[in-house]
Amino acid sequence: MDEGAFQVLADATLRELMTALDDDLGDLADVDLGNGILTIELESGAKYIVNKQSPNRQIWLASPTSGGWHFEHAGGDSSPSHWRATKGGTTLASLLADELARATGVELRLG
């Protein structure tokens, strides 16, 4: 994937995540997106960071629960379910939804 295609796809993925999380978590989290960095801060103070890594053509997740993750696009559209972890193969959508559901008690569907 070339740089331009990656930027379009990654930006769309981050926007999709931001919209879904903001809608579903409401007052339970502060969800912000700026400069290719999605920040999710829970009421407890736990903070998740999802950002683009252009040189690697990856999206990275920093989780207070499970640590650092790298995701590569596996084909398809910008859905977070199309980004697969380089370790273990889980998707960005399922990992983030599972961790945030445990932290907030809200079941999420992220792609």
Side-chain angles (χ1 to χ4, degrees):
M1 170 182 333
D2 69 23
E3 174 71 18
F6 168 77
Q7 292 295 333
V8 168
L9 193 60
D11 285 341
T13 300
L14 293 175
R15 281 192 308 274
E16 185 175 330
L17 281 171
M18 181 195 67
T19 300
L21 292 169
D22 201 34
D23 289 347
D24 291 346
L25 293 178
D27 294 335
L28 298 175
D30 184 21
V31 182
D32 293 305
L33 176 62
N35 297 321
I37 301 170
L38 176 65
T39 305
I40 307 146
E41 187 166 2
L42 305 180
E43 287 181 321
S44 66
K47 190 181 287 188
Y48 293 80
I49 307 291
V50 184
N51 65 305
K52 302 184 298 185
Q53 291 295 314
S54 297
N56 301 13
R57 308 289 195 271
Q58 295 177 336
I59 289 180
W60 288 6
L61 166 67
S63 161
T65 305
S66 62
W69 292 82
H70 301 173
F71 297 88
E72 295 179 339
H73 193 257
D77 61 17
S78 64
S79 170
S81 63
H82 291 134
W83 292 87
R84 296 217 168 264
T86 58
K87 60 177 180 183
T90 190
T91 68
L92 174 59
S94 64
L95 179 68
L96 198 53
D98 289 348
E99 288 193 18
L100 290 171
R102 281 194 301 274
T104 65
V106 175
E107 292 299 317
L108 301 166
R109 298 190 67 82
L110 300 177

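Only a predicted model underlies this, so the values are computations on that prediction, with no experimental measurement involved.
For the pair W83 and T13, the tightest heavy-atom approach, listed with the atom from each and the gap, is NE1-OG1, 2.9 Å. Looking at every heavy atom in both residues, K87 comes nearest to G68 through NZ-O, 3.2 Å. Minimum heavy-atom separation, L110 to A20: CD2-CB, 3.8 Å. E99 approaches T65 most closely through the heavy-atom pair OE1-CB, 3.4 Å. Across every non-hydrogen atom of S66 and W69, the tightest pair is OG-NE1, 2.8 Å. Annotation for S81 and A93: closest pair N-CB, 3.7 Å, computed over non-hydrogen atoms.
By the 4.5 Å heavy-atom criterion applied to side chains, L17 and I40 are not counted as neighbours. Proximity of T86 to Q58: side-chain heavy atoms (C-beta onward) are separated by under 4.5 Å at one or more points. Looking at heavy atoms from C-beta onward, F6 lies in side-chain contact with K52 at the 4.5 angstrom threshold. Taking the side chain as every heavy atom from C-beta outward, L14 and M18 never approach each other to under 4.5 Å. Annotation: side chain of V106 is not in contact with side chain of L100 (no heavy-atom distance under 4.5 Å).
Residues passing the side-chain hydrogen bond (donor to acceptor under 3.5 Å, both in side chains) test with T19: none are found, sequence neighbours excluded. For H82, the side-chain hydrogen bond (donor to acceptor under 3.5 Å, both in side chains) partners two or more places apart in sequence, or in a different chain, are D77.
With D2 contributing its side chain and G4 its backbone, the two residues share a donor-acceptor pair below 3.5 Å. Counting only distance, with no hydrogens or angles, the side chain of R84 and the backbone of G89 share a donor-acceptor pair below 3.5 Å.
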**Message:** side chain to side chain contact (heavy atoms under 4.5 Å, CB included), that's the test. Do M1 and L9 meet it? Break it down for me.
**Reply:** CA-CA 10 Å; M1 170 182 333; L9 193 60; 3.8 Å; yes

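Side chains of S54 and Q7: a donor-acceptor N/O pair is present below 3.5 angstrom, by distance only.
Within the model, atoms CG of L92 and NE2 of H73 stand 10.5 Å from one another, a figure rounded to the nearest 0.5 Å. Within the model, atoms CD of E72 and CD1 of I59 stand 11.0 Å from one another, a figure rounded to the nearest 0.5 Å. Note that the CG atom of L95 and the OH atom of Y48 stand 8.5 Å from one another [nearest 0.5 Å].
The one candidate from N51, V31, I49 that meets the side chain to side chain contact (heavy atoms under 4.5 Å, CB included) condition with L38 is V31.
The same ILVMFWY cluster, assembled from side-chain heavy atoms under 4.5 Å apart, contains both L21 and L42.
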